[in-house]
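Just so it is clear, the values below take in all heavy atoms, side chains as well, and ignore hydrogens, waters and symmetry mates. Along the sequence shown, residues are numbered consecutively beginning with 1.
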Amino acid sequence: MRIENDNIARSQTLDRGLRLLEVVAGSDYPQSTDALAAALGLHRSVVYRLVRTLEDRRLVERDAAGHFLPGVGLAALARSVRSPLRTAALPVLGLLADELRMTAFLAVRDGDEAVTIESVEPRGSDVHIVYRPGNRHDVGRGAPGLALLAGAATVVGERAEIAQCRDQGWVATAAEVLPGMSSVASPIDAMSAIAVVFPAGQRSDIDLLGRRVAAGAQQIRRRMLPS
């Protein structure tokens, strides 16, 4: 039996293209070819060839200045990721966002990271935090990450907030992921959680927020049960 070396079996070009796509999708503003080259440590000509290929596949697109941003093709690919979970969560996120007047989002665990895969902003709110899908952070910090850990089995040495989340159904943190921002989250299961994000100090009724977010997680669990 022939066993290939793991490093040799990988495609360097594909890896570079995917890294480039991650940079474009994870940025809050369009990226120039030079900025992408600097971020990836690649020559400008290499980046240009990669980005043109992604552009042909509609995975990236250009703005009026010729800078690159996520393309509509990404939305088509993303629709199939965790589809039953997203279908169950979106109506609940919408209700939470409008009722609490803050952005509500769905996070899933990806290895040692918490990744946002859906986000709903409140309608009719003049001021709220924008928290886009694709945001990721260490699962060991921030309310969404701690909620994901609380949905799993107890681990020796884990943070006290994780055990507290298991007991009360929700967890709150401040400025652990975004400076000046607070979040309240509740686990759906070991691999998913919902959360809301708002400016630190804006709300004093954290217990009420926590119970409402936990009720939303429970709604999602019910919606995912076989009919």
Margin query: The test is salt bridge (Lys or Arg N to Asp or Glu O under 4.0 Å); show your working for Arg52 and Glu61 and say whether it passes.
Written below: CA-CA 9 Å; Arg52 283 301 305 272; Glu61 58 188 47; over 6 Å; no
Next item on the list: Go through the steps for Arg221 and Gln218 under the test side-chain hydrogen bond (donor to acceptor under 3.5 Å, both in side chains), then give the verdict.
Entry: CA-CA 5 Å; Arg221 284 192 290 272; Gln218 178 61 36; 2.8 Å; yes
Next item on the list: Evaluate side chain to side chain contact (heavy atoms under 4.5 Å, CB included) for Ser119 paired with Thr103, printing each intermediate quantity in order.
Entry: CA-CA 7 Å; Ser119 177; Thr103 298; 3.4 Å; yes
Next item on the list: Carefully, step by step, assess Leu85 and Ile220 under the rule side chain to side chain contact (heavy atoms under 4.5 Å, CB included).
Entry: CA-CA 8 Å; Leu85 173 62; Ile220 295 170; 4.3 Å; yes
Next item on the list: May I have the step-by-step check of side chain to side chain contact (heavy atoms under 4.5 Å, CB included) for Phe68 and Leu20, ending in yes or no?
Entry: CA-CA 11 Å; Phe68 297 97; Leu20 188 151; over 6 Å; no
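Under a cut-off of 6.0 angstrom, the local environment of CG in Asp112 is sparse, with at most 12 non-hydrogen atoms contributed by other residues, nucleotides or ligands. Surrounding CZ of Arg62 are more than 12 heavy atoms belonging to other residues, nucleotides or ligands, all under 6.0 Å away.
By the rule that hydrophobic residues join a cluster once side-chain heavy atoms approach within less than 4.5 Å of another member, Val197 and Val177 end up as members of one cluster. Residues Leu95 and Trp170 are members of separate hydrophobic clusters, defined by side-chain heavy-atom contacts under 4.5 angstrom among Ile, Leu, Val, Met, Phe, Trp and Tyr. Ile194 and Ile162 end up in different hydrophobic clusters when Ile, Leu, Val, Met, Phe, Trp and Tyr side chains are linked at under 4.5 Å. Hydrophobic clustering (ILVMFWY, side-chain heavy atoms < 4.5 Å, transitive): Val139 and Val108 are in distinct clusters.
A distance-only check finds a donor-acceptor pair linking the side chain of Asp63 to the backbone of Gly66 [under 3.5 Å].
Taking every heavy atom of both residues into account, Leu96 and Ala104 meet most closely at CB-CB, 4.1 Å. Of all non-hydrogen atoms in Phe105 and Thr116, the two that sit nearest each other are CD1-OG1, 3.6 Å. The shortest heavy-atom contact between Pro70 and Val24 is N-CG1, 3.6 Å. The two residues Ala39 and Val23 make their nearest non-hydrogen contact at CB-CG1, 4.3 Å. Contact record, Cys165 with Ala147: SG-CA, 4.2 Å, taken as the closest heavy-atom pair. The minimum heavy-atom distance between Arg159 and Arg141, with the atom names listed, is NH1-CA, 4.0 Å.
The structure places CG of Leu93 at 6.0 Å from CG of Leu106, a figure rounded to the nearest 0.5 Å. To the nearest 0.5 angstrom, Glu118 atom CD is 9.0 Å from Thr87 atom OG1. Rounded to the nearest 0.5 Å, atoms OG (Ser183) and CE (Met102) are 9.5 Å apart. Between the OG1 atom in Thr173 and the CD atom in Glu176 there is a gap of 4.5 Å [rounded to 0.5 Å]. In this structure, the separation between CG on Leu54 and CG on Leu50 is 7.0 Å, given to the nearest 0.5 Å. Taking CZ from Arg123 and CG from Asp98, the interatomic distance works out to 4.0 Å, rounded to the nearest 0.5 Å.
Taking the side chain as every heavy atom from C-beta outward, Arg223 and Val92 approach each other to under 4.5 Å. When side chains are defined from C-beta on, Ser182 counts as touching Phe198, because their heavy atoms get closer than 4.5 Å. Arg86 places a side-chain heavy atom less than 4.5 Å from the side chain of Ile117. Within the 4.5 Å cutoff, no side-chain heavy atoms of Val171 are placed close to those of Val184.
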Donor-acceptor contacts, no H, no angles, side chain residues 206-216, under 3.5 Å, sequence neighbours left out:
{"unit_1": "Arg212", "atom_1": "NE", "unit_2": "Glu99", "atom_2": "OE1", "d": "2.9"}
{"unit_1": "Arg212", "atom_1": "NE", "unit_2": "Glu99", "atom_2": "OE2", "d": "3.1"}
{"unit_1": "Arg212", "atom_1": "NH2", "unit_2": "Glu99", "atom_2": "OE1", "d": "3.2"}

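Side-chain N/O atoms of Tyr48 and Arg44 include no donor and acceptor closer than 3.5 Å.
Between Glu22 and Arg19, none of the side-chain N atoms (NZ, or NE/NH1/NH2) sits under 4.0 Å from a carboxylate O, so this pair counts as no salt bridge. A salt bridge links Arg166 to Glu158: at least one charged side-chain nitrogen sits closer than 4.0 Å to a carboxylate oxygen.
Qualifying side-chain contact (heavy atoms from CB on, under 4.5 Å) partners for Thr53, counting only residues two or more places apart in sequence or in other chains: none. When the side-chain contact (heavy atoms from CB on, under 4.5 Å) test is applied to Ala35, the partners found at least two apart in sequence or on another chain are Gln31, Ser32.
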